Asks: 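Below is one structure. I have some questions about it.
Any value given below was found using the heavy atoms of this structure, including those in side chains, with hydrogens, waters and symmetry copies removed. Here the structure is a predicted model, which is why all the values come from computation and not from measurement.
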Amino acid sequence: MGGRYDDILHLPRPEWPGPRLSAWQRAAQFSPFAALSGYEAVLEEAARLTDGAVELGEDAAAALDAKQRILTARLAERPEITVTWFEPDEKKAGGAVRTARGRLRRLDEAAGALVLEDGRRIPLKGVLALDSELFPPGL
């Protein structure tokens, strides 16, 4: 008794009339389809860690005020300073603690920022620490 496909069993395999695909091109057909475009970026943003906001105690805030007064009085000398500040994150709660070193160009009280000679602007309300050779020991 003959099988259902006996009439075509011994025929040659059909060939595609166009050019053959390379192994890489054939594999690319099975690469994952990004049905949710942007989903990877959302996952990366959710996984990105931020630090909590840092609040200074009264003593630390008083020391910072004293340091700012010294810097304001000696601004013409363009003192070298190291500033540590908290920078809030634009996309989620929290932020990051940053540190910069440079020469102080001016103290922009109207905008509430320290302006360094290289143009960086550091918001005064986020400043956590100031360091300079101008400050007396223990301040």
Side-chain angles (χ1 to χ4, degrees):
M1 177 178 222
R4 184 173 174 185
Y5 297 106
D6 284 345
D7 59 331
I8 62 169
L9 191 60
H10 300 290
L11 291 177
R13 186 176 137 219
E15 293 289 326
W16 179 256
R20 294 193 66 126
L21 297 177
S22 69
W24 184 85
Q25 289 170 319
R26 283 195 314 271
Q29 296 179 52
F30 301 103
S31 65
F33 172 68
L36 299 173
S37 62
Y39 185 66
E40 287 293 322
V42 170
L43 287 179
E44 286 175 16
E45 177 61 25
R48 188 172 56 86
L49 299 177
T50 57
D51 296 326
V54 179
E55 296 204 19
L56 295 176
E58 287 183 32
D59 292 341
L64 259 180
D65 287 341
K67 290 176 179 182
Q68 278 184 292
R69 285 193 298 277
I70 292 170
L71 289 176
T72 302
R74 306 211 26 208
L75 199 55
E77 298 173 31
R78 302 281 170 125
E80 179 87 20
I81 63 170
T82 300
V83 186
T84 303
W85 75 99
F86 180 79
E87 186 175 288
D89 194 285
E90 295 178 359
K91 296 182 179 180
K92 60 195 309 185
V97 175
R98 308 261 187 235
T99 300
R101 183 171 180 84
R103 294 212 169 270
L104 182 62
R105 181 188 315 160
R106 66 188 176 105
L107 189 69
D108 188 350
E109 292 183 27
L114 293 168
V115 182
L116 301 181
E117 279 191 342
D118 62 6
R120 287 182 284 182
R121 300 178 68 79
I122 299 163
L124 283 172
K125 75 176 192 175
V127 173
L128 302 172
L130 277 170
D131 193 28
S132 175
E133 292 180 1
L134 297 177
F135 304 144
L139 180 63

Asks: Could you check whether any side-chain heavy atom of Leu64 comes within less than 4.5 Å of a side-chain heavy atom of Leu56, counting everything from C-beta outward?
Replies: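 Yes, their side chains come closer than 4.5 Å.
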Asks: Spell out, as yes or no, whether a donor-acceptor pair under 3.5 Å connects the side chain of Ser22 to the backbone of Gln25.
Replies: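 Checked: pair present.
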Asks: Can you name the closest pair of heavy atoms from Leu21 and Arg26 and give their distance?
Replies: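 That closest heavy-atom pairing would be O-NH1, 2.9 Å.
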Asks: What pairs of residues pass the salt bridge (charged side-chain N to carboxylate O under 4.0 Å, His left out) test when at least one of them lies in residues 92-103, not counting sequence neighbours?
Replies: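 Sorted pair list: Glu80-Arg101, Glu80-Arg103, Glu87-Arg98.
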Asks: Between atom OG1 of Thr72 and atom NZ of Lys67, what is the distance when rounded to the nearest 0.5 Å?
Replies: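 It is 14.0 Å, given to the nearest 0.5 Å.
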Asks: Any chance you could lay out the side chain to side chain contact (heavy atoms under 4.5 Å, CB included) test for Ile70 and Phe135, step after step, and finish with the verdict?
Replies: CA-CA 7 Å; Ile70 292 170; Phe135 304 144; 4.0 Å; yes
Asks: Indicate, with yes or no, if Leu11 and Tyr5 share a hydrophobic cluster defined by side-chain heavy-atom contacts under 4.5 Å among Ile, Leu, Val, Met, Phe, Trp and Tyr.
Replies: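 Shared cluster, yes.
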Asks: Output every pair passing salt bridge (charged side-chain N to carboxylate O under 4.0 Å, His left out) with a member in residues 123-139, not counting sequence neighbours, ordered by first then second residue.
Replies: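 Sorted result for residues 123-139: empty, none.
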Asks: What pairs with Asp89 under side chain to side chain donor-acceptor pair (under 3.5 Å), at least two apart in sequence or on another chain?
Replies: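 In terms of side chain to side chain donor-acceptor pair (under 3.5 Å), with neighbours along the sequence ignored, Asp89 is linked to Arg48.
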Asks: Please indicate whether Asp7 has more than 12 foreign heavy atoms, meaning atoms of other residues, nucleotides or ligands, lying under 6.0 Å from its CG.
Replies: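 Yes, because the 6.0 Å sphere around CG of Asp7 holds more than 12 heavy atoms from other groups.
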Asks: Nearest 0.5 Å, what's the CG-CH2 distance between Leu128 and Trp85?
Replies: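 CH2 of Trp85 is found 10.0 Å from CG of Leu128.
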Asks: May I have the step-by-step check of side chain to side chain contact (heavy atoms under 4.5 Å, CB included) for Leu71 and Leu104, ending in yes or no?
Replies: CA-CA 8 Å; Leu71 289 176; Leu104 182 62; 4.0 Å; yes
Asks: Check the pair Leu116 / Ile81 against side chain to side chain contact (heavy atoms under 4.5 Å, CB included), numbers first and verdict last.
Replies: CA-CA 9 Å; Leu116 301 181; Ile81 63 170; 3.9 Å; yes
Asks: Would a single hydrophobic cluster contain both Leu124 and Val115, if residues Ile, Leu, Val, Met, Phe, Trp and Tyr are joined by side-chain heavy-atom contacts under 4.5 Å?
Replies: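 Val115 does not cluster with Leu124.
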Asks: Dump the intermediate steps for side chain to side chain contact (heavy atoms under 4.5 Å, CB included) on Thr99 and Val83, then the final yes or no.
Replies: CA-CA 6 Å; Thr99 300; Val83 186; over 6 Å; no
Asks: Would you find a donor on one side and an acceptor on the other, under 3.5 Å apart, between the side chain of Arg121 and the backbone of Ala113?
Replies: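 Not confirmed, Arg121 side chain does not pair with Ala113 backbone.
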Asks: Is the count of non-hydrogen atoms from other residues, nucleotides or ligands lying under 6.0 Å from Glu58 atom CD greater than 12?
Replies: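 Result for CD/Glu58: open.
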Asks: First locate atom CD of Glu77, then atom CG of Leu134, and finally report the distance between them rounded to the nearest 0.5 Å.
Replies: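 With rounding to 0.5 Å, CD (Glu77) is 6.0 Å from CG (Leu134).
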